[in-house]
Amino acid sequence: MTLFWSIYVGVLVTSNLALAIFLYFYGTRVKIPIEGDGTTGHSWDNGHLRESVRRLPRWWAVMSLTSILVAIGYLVLFPGFGNYKGLLGWTSEKQVSEAREENAARLEELFERYRKYPVDKLSDDATARQYGHRLFQDNCAACHGAQAEGGHGFPALTVNGDDGDYVVATALTGRTGVMPPWGQVLGEEGVKDVANYVLSLSNEPHDAASATAGKPKFEQTCVACHGADGHGNKALGAPNLADQSWIYGKDLATVEQTIRDGRSGHMPAWKDRLGEDQVRLIAAWLRHNALEHRASEDAVPVADTRP
Ligand code: HEC
Ligand code: HEC
(Lines give C-alpha, C1' and ligand atoms only; values in the text may rest on other atoms or scores of the structure.)
(Ligands and ions follow the chains in the order given, each with its own letter.)
Protein backbone atom coordinates (compact mmCIF):
# COMPACT_ATOMS: atom_id res chain seq x y z
CA MET A 1 0.00 0.00 0.00
CA THR A 2 1.40 3.45 -0.83
CA LEU A 3 1.75 6.06 1.90
CA PHE A 4 -1.29 7.94 0.59
CA TRP A 5 -3.61 4.93 0.88
CA SER A 6 -2.10 3.99 4.21
CA ILE A 7 -2.94 7.45 5.59
CA TYR A 8 -6.35 7.38 3.90
CA VAL A 9 -7.22 4.05 5.56
CA GLY A 10 -5.77 5.28 8.88
CA VAL A 11 -7.93 8.41 8.82
CA LEU A 12 -11.07 6.42 7.96
CA VAL A 13 -10.46 3.88 10.72
CA THR A 14 -9.64 6.55 13.31
CA SER A 15 -12.67 8.70 12.53
CA ASN A 16 -14.95 5.65 12.59
CA LEU A 17 -13.63 4.59 15.96
CA ALA A 18 -13.81 8.16 17.28
CA LEU A 19 -17.44 8.36 16.20
CA ALA A 20 -18.25 5.04 17.88
CA ILE A 21 -16.55 6.17 21.12
CA PHE A 22 -18.32 9.53 21.03
CA LEU A 23 -21.72 7.83 20.53
CA TYR A 24 -21.00 5.49 23.41
CA PHE A 25 -20.25 8.32 25.87
CA TYR A 26 -22.94 10.59 24.50
CA GLY A 27 -25.59 7.84 24.48
CA THR A 28 -24.92 6.73 28.04
CA ARG A 29 -24.70 10.24 29.52
CA VAL A 30 -27.03 12.47 27.56
CA LYS A 31 -29.86 14.14 29.51
CA ILE A 32 -33.07 14.74 27.59
CA PRO A 33 -35.26 17.53 28.98
CA ILE A 34 -38.47 16.12 30.45
CA GLU A 35 -41.77 17.90 31.02
CA GLY A 36 -43.60 17.84 34.32
CA ASP A 37 -45.69 14.79 33.20
CA GLY A 38 -42.54 12.69 32.63
CA THR A 39 -42.71 12.87 28.79
CA THR A 40 -40.68 14.81 26.27
CA GLY A 41 -43.73 16.83 25.41
CA HIS A 42 -43.94 15.44 21.86
CA SER A 43 -47.40 14.20 21.13
CA TRP A 44 -49.21 12.60 18.21
CA ASP A 45 -52.74 11.61 17.36
CA ASN A 46 -54.28 14.72 18.95
CA GLY A 47 -52.43 14.17 22.18
CA HIS A 48 -53.36 10.49 22.63
CA LEU A 49 -49.80 9.31 22.03
CA ARG A 50 -46.95 10.92 23.90
CA GLU A 51 -43.26 10.27 23.73
CA SER A 52 -41.63 9.31 27.01
CA VAL A 53 -37.96 8.77 27.82
CA ARG A 54 -36.38 5.41 28.69
CA ARG A 55 -32.84 4.92 29.80
CA LEU A 56 -30.50 3.35 27.27
CA PRO A 57 -30.58 -0.41 28.07
CA ARG A 58 -27.48 -1.60 29.91
CA TRP A 59 -26.94 -4.49 27.48
CA TRP A 60 -26.66 -1.98 24.67
CA ALA A 61 -24.05 0.05 26.52
CA VAL A 62 -22.05 -3.08 27.41
CA MET A 63 -22.20 -4.41 23.85
CA SER A 64 -21.20 -1.09 22.43
CA LEU A 65 -18.19 -0.77 24.75
CA THR A 66 -17.18 -4.39 24.07
CA SER A 67 -17.19 -3.92 20.32
CA ILE A 68 -15.09 -0.76 20.63
CA LEU A 69 -12.54 -2.59 22.80
CA VAL A 70 -12.48 -5.62 20.43
CA ALA A 71 -11.95 -3.31 17.45
CA ILE A 72 -9.00 -1.59 19.16
CA GLY A 73 -7.55 -4.94 20.25
CA TYR A 74 -7.89 -6.30 16.71
CA LEU A 75 -6.18 -3.26 15.21
CA VAL A 76 -3.27 -3.65 17.63
CA LEU A 77 -2.78 -7.38 16.92
CA PHE A 78 -3.70 -7.69 13.21
CA PRO A 79 -3.07 -5.63 10.09
CA GLY A 80 -5.96 -3.23 9.45
CA PHE A 81 -4.58 0.20 10.24
CA GLY A 82 -2.97 1.31 6.99
CA ASN A 83 0.50 -0.15 6.65
CA TYR A 84 0.77 -1.12 10.32
CA LYS A 85 1.44 -4.88 10.36
CA GLY A 86 0.01 -5.78 13.75
CA LEU A 87 1.83 -7.30 16.73
CA LEU A 88 1.16 -10.91 15.67
CA GLY A 89 2.69 -10.46 12.21
CA TRP A 90 -0.27 -12.32 10.63
CA THR A 91 -0.68 -12.25 6.87
CA SER A 92 -3.11 -14.17 4.68
CA GLU A 93 -0.17 -15.39 2.57
CA LYS A 94 1.52 -16.83 5.63
CA GLN A 95 -1.68 -18.57 6.66
CA VAL A 96 -2.09 -20.09 3.19
CA SER A 97 1.50 -21.26 2.99
CA GLU A 98 1.29 -22.76 6.49
CA ALA A 99 -1.88 -24.60 5.53
CA ARG A 100 -0.19 -25.78 2.35
CA GLU A 101 2.85 -27.05 4.24
CA GLU A 102 0.60 -28.85 6.68
CA ASN A 103 -1.24 -30.46 3.81
CA ALA A 104 2.01 -31.39 2.05
CA ALA A 105 3.28 -33.00 5.26
CA ARG A 106 0.12 -35.07 5.48
CA LEU A 107 0.40 -36.08 1.82
CA GLU A 108 4.09 -36.84 2.26
CA GLU A 109 3.21 -39.73 4.56
CA LEU A 110 0.98 -41.14 1.87
CA PHE A 111 3.45 -40.61 -0.96
CA GLU A 112 6.27 -42.12 1.04
CA ARG A 113 4.31 -45.35 1.23
CA TYR A 114 3.45 -45.24 -2.48
CA ARG A 115 7.01 -44.46 -3.56
CA LYS A 116 8.07 -47.96 -2.56
CA TYR A 117 5.97 -49.53 -5.29
CA PRO A 118 6.30 -49.48 -9.05
CA VAL A 119 3.26 -48.12 -10.92
CA ASP A 120 2.14 -51.63 -11.89
CA LYS A 121 1.82 -52.52 -8.21
CA LEU A 122 0.20 -49.21 -7.33
CA SER A 123 -2.58 -49.89 -9.79
CA ASP A 124 -3.66 -52.81 -7.59
CA ASP A 125 -4.24 -50.38 -4.71
CA ALA A 126 -7.80 -49.04 -4.78
CA THR A 127 -6.95 -45.94 -2.73
CA ALA A 128 -4.03 -45.01 -4.96
CA ARG A 129 -6.26 -45.44 -7.99
CA GLN A 130 -8.92 -43.25 -6.44
CA TYR A 131 -6.42 -40.42 -5.90
CA GLY A 132 -5.12 -40.99 -9.40
CA HIS A 133 -8.57 -40.88 -10.92
CA ARG A 134 -9.34 -37.59 -9.21
CA LEU A 135 -6.03 -36.08 -10.36
CA PHE A 136 -6.68 -37.35 -13.87
CA GLN A 137 -10.08 -35.70 -13.96
CA ASP A 138 -8.69 -32.40 -12.72
CA ASN A 139 -5.67 -32.28 -15.01
CA CYS A 140 -5.95 -34.61 -17.98
CA ALA A 141 -9.61 -35.33 -18.72
CA ALA A 142 -10.16 -32.01 -20.50
CA CYS A 143 -7.98 -33.31 -23.33
CA HIS A 144 -7.97 -37.09 -22.97
CA GLY A 145 -11.65 -37.58 -22.02
CA ALA A 146 -13.28 -38.55 -18.72
CA GLN A 147 -12.48 -42.26 -19.14
CA ALA A 148 -9.23 -41.57 -21.04
CA GLU A 149 -11.08 -42.52 -24.23
CA GLY A 150 -9.41 -39.66 -26.14
CA GLY A 151 -10.96 -37.13 -28.46
CA HIS A 152 -10.22 -35.46 -31.77
CA GLY A 153 -6.52 -34.61 -31.64
CA PHE A 154 -5.99 -36.30 -28.28
CA PRO A 155 -4.93 -39.93 -28.09
CA ALA A 156 -6.95 -42.43 -26.08
CA LEU A 157 -4.86 -43.44 -23.08
CA THR A 158 -6.56 -46.82 -23.05
CA VAL A 159 -4.07 -47.88 -25.74
CA ASN A 160 -0.69 -47.36 -24.09
CA GLY A 161 -2.02 -46.52 -20.64
CA ASP A 162 -1.14 -49.95 -19.24
CA ASP A 163 2.57 -49.13 -19.55
CA GLY A 164 3.05 -47.27 -16.26
CA ASP A 165 6.65 -46.17 -16.79
CA TYR A 166 5.83 -44.89 -20.26
CA VAL A 167 2.88 -42.86 -18.98
CA VAL A 168 4.94 -41.36 -16.15
CA ALA A 169 7.82 -40.45 -18.46
CA THR A 170 5.52 -38.95 -21.11
CA ALA A 171 3.42 -37.00 -18.64
CA LEU A 172 6.40 -35.57 -16.74
CA THR A 173 8.27 -34.25 -19.75
CA GLY A 174 5.39 -33.63 -22.15
CA ARG A 175 5.75 -34.20 -25.84
CA THR A 176 5.08 -32.71 -29.23
CA GLY A 177 4.27 -35.44 -31.70
CA VAL A 178 5.76 -34.64 -35.08
CA MET A 179 4.01 -36.22 -38.00
CA PRO A 180 5.69 -34.57 -41.00
CA PRO A 181 3.61 -33.48 -44.02
CA TRP A 182 3.97 -35.85 -46.99
CA GLY A 183 1.81 -34.13 -49.60
CA GLN A 184 4.84 -32.77 -51.51
CA VAL A 185 6.72 -36.06 -51.44
CA LEU A 186 3.88 -38.43 -52.32
CA GLY A 187 1.66 -36.30 -54.52
CA GLU A 188 -2.15 -36.40 -54.28
CA GLU A 189 -2.40 -39.91 -55.80
CA GLY A 190 0.30 -41.23 -53.48
CA VAL A 191 -1.42 -39.73 -50.43
CA LYS A 192 -4.67 -41.48 -51.40
CA ASP A 193 -2.93 -44.82 -51.92
CA VAL A 194 -1.03 -44.67 -48.63
CA ALA A 195 -4.20 -43.58 -46.81
CA ASN A 196 -6.04 -46.60 -48.20
CA TYR A 197 -3.17 -48.83 -47.13
CA VAL A 198 -3.30 -47.33 -43.61
CA LEU A 199 -7.04 -48.06 -43.46
CA SER A 200 -6.45 -51.62 -44.62
CA LEU A 201 -4.19 -52.19 -41.60
CA SER A 202 -7.18 -52.06 -39.27
CA ASN A 203 -9.71 -53.55 -41.69
CA GLU A 204 -11.51 -50.25 -42.18
CA PRO A 205 -13.38 -49.86 -45.47
CA HIS A 206 -10.81 -49.08 -48.17
CA ASP A 207 -10.06 -49.36 -51.87
CA ALA A 208 -8.03 -52.59 -52.17
CA ALA A 209 -6.25 -51.70 -55.42
CA SER A 210 -5.26 -48.30 -54.08
CA ALA A 211 -4.06 -49.89 -50.83
CA THR A 212 -1.87 -52.35 -52.75
CA ALA A 213 -0.34 -49.43 -54.61
CA GLY A 214 0.22 -47.62 -51.31
CA LYS A 215 2.00 -50.47 -49.53
CA PRO A 216 5.48 -49.95 -51.04
CA LYS A 217 5.21 -46.20 -50.50
CA PHE A 218 4.30 -46.81 -46.86
CA GLU A 219 7.28 -49.11 -46.46
CA GLN A 220 9.54 -46.50 -47.96
CA THR A 221 8.31 -43.44 -46.10
CA CYS A 222 6.43 -44.35 -42.96
CA VAL A 223 7.98 -47.41 -41.34
CA ALA A 224 10.83 -45.40 -39.81
CA CYS A 225 8.33 -44.06 -37.28
CA HIS A 226 5.23 -46.23 -37.50
CA GLY A 227 7.05 -49.56 -37.78
CA ALA A 228 7.05 -52.17 -40.55
CA ASP A 229 3.54 -53.39 -39.75
CA GLY A 230 2.26 -49.96 -38.72
CA HIS A 231 2.25 -50.87 -35.05
CA GLY A 232 3.82 -47.57 -34.09
CA ASN A 233 6.72 -46.52 -31.93
CA LYS A 234 5.95 -45.26 -28.49
CA ALA A 235 9.35 -43.63 -28.05
CA LEU A 236 8.67 -41.37 -31.05
CA GLY A 237 5.04 -40.83 -30.15
CA ALA A 238 4.10 -42.44 -33.47
CA PRO A 239 0.75 -44.11 -32.90
CA ASN A 240 -0.20 -47.64 -33.81
CA LEU A 241 -2.00 -47.36 -37.15
CA ALA A 242 -3.23 -50.94 -37.03
CA ASP A 243 -5.45 -50.74 -33.95
CA GLN A 244 -8.99 -49.43 -33.72
CA SER A 245 -7.93 -46.29 -31.91
CA TRP A 246 -7.66 -43.06 -33.89
CA ILE A 247 -6.44 -39.68 -32.76
CA TYR A 248 -7.75 -37.70 -35.70
CA GLY A 249 -10.36 -39.94 -37.28
CA LYS A 250 -10.60 -42.96 -39.55
CA ASP A 251 -12.49 -41.63 -42.54
CA LEU A 252 -10.45 -41.51 -45.74
CA ALA A 253 -10.51 -37.71 -45.99
CA THR A 254 -9.12 -37.27 -42.46
CA VAL A 255 -6.39 -39.86 -42.92
CA GLU A 256 -5.46 -38.25 -46.22
CA GLN A 257 -5.32 -34.87 -44.55
CA THR A 258 -3.08 -36.21 -41.77
CA ILE A 259 -0.69 -37.67 -44.33
CA ARG A 260 -0.78 -34.68 -46.69
CA ASP A 261 -0.45 -31.85 -44.15
CA GLY A 262 1.12 -33.59 -41.16
CA ARG A 263 0.12 -33.18 -37.51
CA SER A 264 1.75 -32.00 -34.33
CA GLY A 265 -0.24 -32.73 -31.22
CA HIS A 266 1.18 -31.02 -28.16
CA MET A 267 1.14 -32.71 -24.78
CA PRO A 268 2.12 -30.32 -21.96
CA ALA A 269 4.75 -31.26 -19.34
CA TRP A 270 3.49 -31.97 -15.81
CA LYS A 271 6.77 -32.17 -13.94
CA ASP A 272 6.46 -28.74 -12.33
CA ARG A 273 2.72 -28.68 -11.95
CA LEU A 274 2.05 -32.12 -10.50
CA GLY A 275 5.43 -33.69 -9.75
CA GLU A 276 6.34 -37.34 -9.99
CA ASP A 277 4.40 -38.55 -6.92
CA GLN A 278 1.07 -37.39 -8.29
CA VAL A 279 1.79 -38.41 -11.88
CA ARG A 280 2.54 -41.93 -10.65
CA LEU A 281 -0.90 -42.08 -9.03
CA ILE A 282 -2.50 -40.99 -12.30
CA ALA A 283 -0.50 -43.65 -14.12
CA ALA A 284 -1.75 -46.24 -11.63
CA TRP A 285 -5.35 -45.39 -12.42
CA LEU A 286 -4.65 -45.23 -16.16
CA ARG A 287 -3.13 -48.70 -16.12
CA HIS A 288 -6.10 -50.18 -14.35
CA ASN A 289 -8.45 -48.30 -16.67
CA ALA A 290 -6.60 -49.48 -19.78
CA LEU A 291 -6.62 -53.11 -18.66
CA GLU A 292 -10.33 -52.96 -17.85
CA HIS A 293 -10.99 -51.34 -21.20
CA ARG A 294 -9.04 -54.05 -22.98
CA ALA A 295 -10.88 -56.80 -21.12
CA SER A 296 -14.23 -55.32 -22.10
CA GLU A 297 -13.05 -54.95 -25.68
CA ASP A 298 -11.79 -58.51 -25.83
CA ALA A 299 -15.21 -59.65 -24.71
CA VAL A 300 -16.57 -58.24 -27.97
CA PRO A 301 -15.34 -60.26 -30.96
CA VAL A 302 -13.30 -57.72 -32.94
CA ALA A 303 -10.15 -58.48 -34.86
CA ASP A 304 -7.31 -57.55 -32.51
CA THR A 305 -4.34 -56.61 -34.63
CA ARG A 306 -2.15 -55.53 -31.71
CA PRO A 307 1.09 -57.47 -31.39
C1 HEC B 1 -3.78 -29.77 -23.47
C2 HEC B 1 -4.22 -31.11 -23.73
C3 HEC B 1 -3.59 -32.22 -22.92
C4 HEC B 1 -3.61 -32.38 -21.56
C5 HEC B 1 -4.22 -31.48 -20.52
C6 HEC B 1 -2.95 -33.63 -21.30
N7 HEC B 1 -2.52 -34.19 -22.48
FE8 HEC B 1 -1.60 -35.97 -22.68
N9 HEC B 1 -1.46 -35.69 -24.69
C10 HEC B 1 -1.97 -34.61 -25.38
C11 HEC B 1 -1.66 -34.76 -26.78
C12 HEC B 1 -2.03 -33.80 -27.90
C13 HEC B 1 -0.93 -35.96 -26.91
C14 HEC B 1 -0.34 -36.55 -28.19
C15 HEC B 1 1.06 -36.03 -28.30
C16 HEC B 1 1.82 -36.63 -29.43
O17 HEC B 1 1.25 -36.84 -30.48
O18 HEC B 1 3.00 -36.88 -29.25
C19 HEC B 1 -0.83 -36.52 -25.58
C20 HEC B 1 -0.21 -37.72 -25.29
C21 HEC B 1 -0.19 -38.31 -24.06
C22 HEC B 1 0.38 -39.61 -23.79
C23 HEC B 1 0.99 -40.56 -24.81
C24 HEC B 1 -0.12 -41.41 -25.40
C25 HEC B 1 0.37 -42.51 -26.27
O26 HEC B 1 -0.45 -43.39 -26.56
O27 HEC B 1 1.52 -42.52 -26.65
C28 HEC B 1 0.21 -39.85 -22.45
C29 HEC B 1 0.63 -41.09 -21.70
C30 HEC B 1 -0.44 -38.69 -21.90
N31 HEC B 1 -0.68 -37.78 -22.89
C32 HEC B 1 -0.78 -38.56 -20.56
C33 HEC B 1 -1.36 -37.41 -20.02
C34 HEC B 1 -1.61 -37.24 -18.61
C35 HEC B 1 -1.30 -38.26 -17.54
C36 HEC B 1 -2.16 -36.00 -18.46
C37 HEC B 1 -2.58 -35.32 -17.18
C38 HEC B 1 -1.56 -35.16 -16.20
C39 HEC B 1 -2.26 -35.41 -19.78
N40 HEC B 1 -1.77 -36.30 -20.70
C41 HEC B 1 -2.79 -34.16 -20.03
C42 HEC B 1 -2.67 -33.56 -24.84
C43 HEC B 1 -2.91 -33.36 -23.49
C1 HEC C 1 8.96 -38.69 -38.12
C2 HEC C 1 8.11 -39.80 -37.72
C3 HEC C 1 6.89 -40.06 -38.58
C4 HEC C 1 6.85 -40.43 -39.89
C5 HEC C 1 8.02 -40.63 -40.82
C6 HEC C 1 5.46 -40.65 -40.22
N7 HEC C 1 4.68 -40.40 -39.13
FE8 HEC C 1 2.67 -40.57 -39.04
N9 HEC C 1 2.69 -39.87 -37.13
C10 HEC C 1 3.83 -39.56 -36.43
C11 HEC C 1 3.44 -39.00 -35.16
C12 HEC C 1 4.38 -38.53 -34.06
C13 HEC C 1 2.04 -38.97 -35.14
C14 HEC C 1 1.12 -38.44 -34.02
C15 HEC C 1 0.87 -36.99 -34.30
C16 HEC C 1 0.05 -36.31 -33.27
O17 HEC C 1 -0.24 -36.89 -32.22
O18 HEC C 1 -0.34 -35.16 -33.51
C19 HEC C 1 1.60 -39.55 -36.39
C20 HEC C 1 0.27 -39.71 -36.76
C21 HEC C 1 -0.15 -40.32 -37.90
C22 HEC C 1 -1.51 -40.60 -38.23
C23 HEC C 1 -2.73 -40.26 -37.39
C24 HEC C 1 -3.19 -41.49 -36.65
C25 HEC C 1 -4.47 -41.27 -35.88
O26 HEC C 1 -4.69 -42.05 -34.96
O27 HEC C 1 -5.26 -40.38 -36.21
C28 HEC C 1 -1.51 -41.23 -39.44
C29 HEC C 1 -2.72 -41.73 -40.21
C30 HEC C 1 -0.14 -41.33 -39.86
N31 HEC C 1 0.67 -40.78 -38.92
C32 HEC C 1 0.27 -41.91 -41.04
C33 HEC C 1 1.57 -41.82 -41.52
C34 HEC C 1 1.94 -42.21 -42.84
C35 HEC C 1 1.01 -42.83 -43.86
C36 HEC C 1 3.27 -41.94 -42.96
C37 HEC C 1 4.12 -42.12 -44.19
C38 HEC C 1 3.70 -41.39 -45.35
C39 HEC C 1 3.72 -41.41 -41.71
N40 HEC C 1 2.64 -41.33 -40.87
C41 HEC C 1 4.99 -41.04 -41.43
C42 HEC C 1 5.12 -39.72 -36.83
C43 HEC C 1 5.52 -40.04 -38.11
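Counting starts at 1 for both ligands and their atoms, following the listed order. Predicted model only: the values in this text are computed from it and were never measured.
Of all the heavy atoms in Glu51 and Thr39, the pair that sits closest is O-CB, 3.2 Å. In terms of heavy atoms, Ser123 sits closest to Ala284 at CB-O, 3.0 Å. The shortest heavy-atom contact between Ala148 and Asn289 is CB-ND2, 3.6 Å. Nearest heavy atoms, Cys140 versus Ile282: SG-CD1, 4.1 Å. Between Ala211 and His206, the shortest heavy-atom distance links the atoms CB-CD2, 3.9 Å. The shortest non-hydrogen separation linking Asp243 to Val159 is OD2-CG1, 3.5 Å.
The shortest contact between atom 12 (C) of ligand 1 and any protein heavy atom is with His266 O, 3.3 Å. In this structure, atom 15 (C) of ligand 1 lies nearest to the protein heavy atom Gly265 O, 3.6 Å. Of all protein heavy atoms, the one closest to atom 42 (C) of ligand 2 is Val178 O, 3.4 Å. Regarding atom 25 (C) of ligand 2, its nearest protein heavy-atom neighbour is Ile247 N, 3.2 Å. Atom 41 (C) of ligand 2 has its closest protein heavy atom at Trp182 NE1, 3.3 Å. The protein heavy atom nearest to atom 35 (C) of ligand 2 is Val194 CG1, 3.2 Å.
The aromatic rings of His152 and Tyr248 stand perpendicular to each other, their planes meeting at an angle above 60°, with 30° marking the opposite boundary. Ring pair Trp5/Tyr8 is perpendicular by interplanar angle, where above 60° counts as perpendicular and below 30° as parallel. The aromatic rings of Tyr114 and Tyr131 lie perpendicular to each other, with more than 60° between the two planes, well past the 30° mark.
For ligand 2, the polar-atom distance check finds no N/O of Gly237 at less than 3.5 Å from any of the ligand's N/O atoms. An N or O contact shorter than 3.5 Å links Tyr248 to ligand 2 by distance. Between Gly177 and ligand 1, a contact under 3.5 Å exists for at least one N or O pair. Looking at ligand 1, you won't find any N or O of Thr176 less than 3.5 Å from one of its N or O atoms.
Inside a sphere of radius 2.8 Å centred on atom 8 (Fe) of ligand 2, the protein N/O/S atoms present are Met179 SD, His226 NE2.
With respect to Glu297 and Arg294, no salt bridge is recorded, no charged nitrogen being found less than 4.0 Å from a carboxylate O.
Panel detail: atom 8 (Fe) of ligand 1 has protein N, O or S atoms under 2.8 Å away, 2 in number.
Contacts of Val279 with ligand 1, taken as heavy-atom pairs under 4.0 Å, are absent altogether.
In this structure, CH2 in Trp270 is found 11.0 Å from CD in Gln278, a value given to the nearest 0.5 Å.
Atoms of ligand 1 found under 4.0 Å from any heavy atom of Gly153, numbered from 1 in the order shown, are 12 (C). The Asn160 neighbourhood of ligand 1 comprises atoms 25 (C), 26 (O), 27 (O), with distances under 4.0 Å to a heavy atom of that residue. Of all atoms in ligand 1, numbered sequentially from 1 with element shown, those under 4.0 Å from a heavy atom of Leu274 are 38 (C). Of all atoms in ligand 2, listed by their number and element, those nearer than 4.0 Å to a heavy atom of Leu236 are 12 (C). In summary, the atoms of ligand 2 found under 4.0 Å from a heavy atom of Val198, numbered by their order in the structure, are 35 (C).
Asp207 places a side-chain N or O within donor-acceptor distance of the main-chain N or O of Ser210, the cut-off being under 3.5 Å. Distance alone, capped at 3.5 Å, places no donor-acceptor pair between the His144 side chain and the Gly150 backbone.
At least one heavy atom of Asn139 sits less than 4.0 Å from an atom of ligand 1. At least one heavy atom of Tyr166 sits less than 4.0 Å from an atom of ligand 1. In this structure, Ser264 counts as a contact residue of ligand 2, since one of its heavy atoms falls inside 4.0 Å of the ligand.
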Output side-chain donor-acceptor pairs under 3.5 Å for residues 18-28, partner residues at least two apart or in another chain, one line each.
residue, atom, partner, partner atom, Å
Thr28, OG1, Tyr24, O, 2.8
Thr28, OG1, Phe25, O, 3.2

_Does Lys94 form a salt bridge (charged side-chain N to carboxylate O under 4.0 Å, His left out) with Glu101? I'd like the steps, not just the answer._
CA-CA 10 Å; Lys94 226 195 252 172; Glu101 269 167 35; over 6 Å; no
*asked:* The test is salt bridge (charged side-chain N to carboxylate O under 4.0 Å, His left out); show your working for Lys215 and Glu219 and say whether it passes.
replied: CA-CA 6 Å; Lys215 187 171 195 272; Glu219 278 159 2; 3.1 Å; yes
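Within a 6.0 Å sphere centred on OH of Tyr166, heavy atoms belonging to other residues, nucleotides or ligands number more than 12.
When each of Asn240, Asn160, Asp163 is paired with Lys234, the side chain to side chain donor-acceptor pair (under 3.5 Å) condition holds for Asp163 and for no other.
Phe154 belongs to no hydrophobic cluster with other residues, because no ILVMFWY side-chain heavy atom falls under 4.5 Å from its own, directly or through intermediates.
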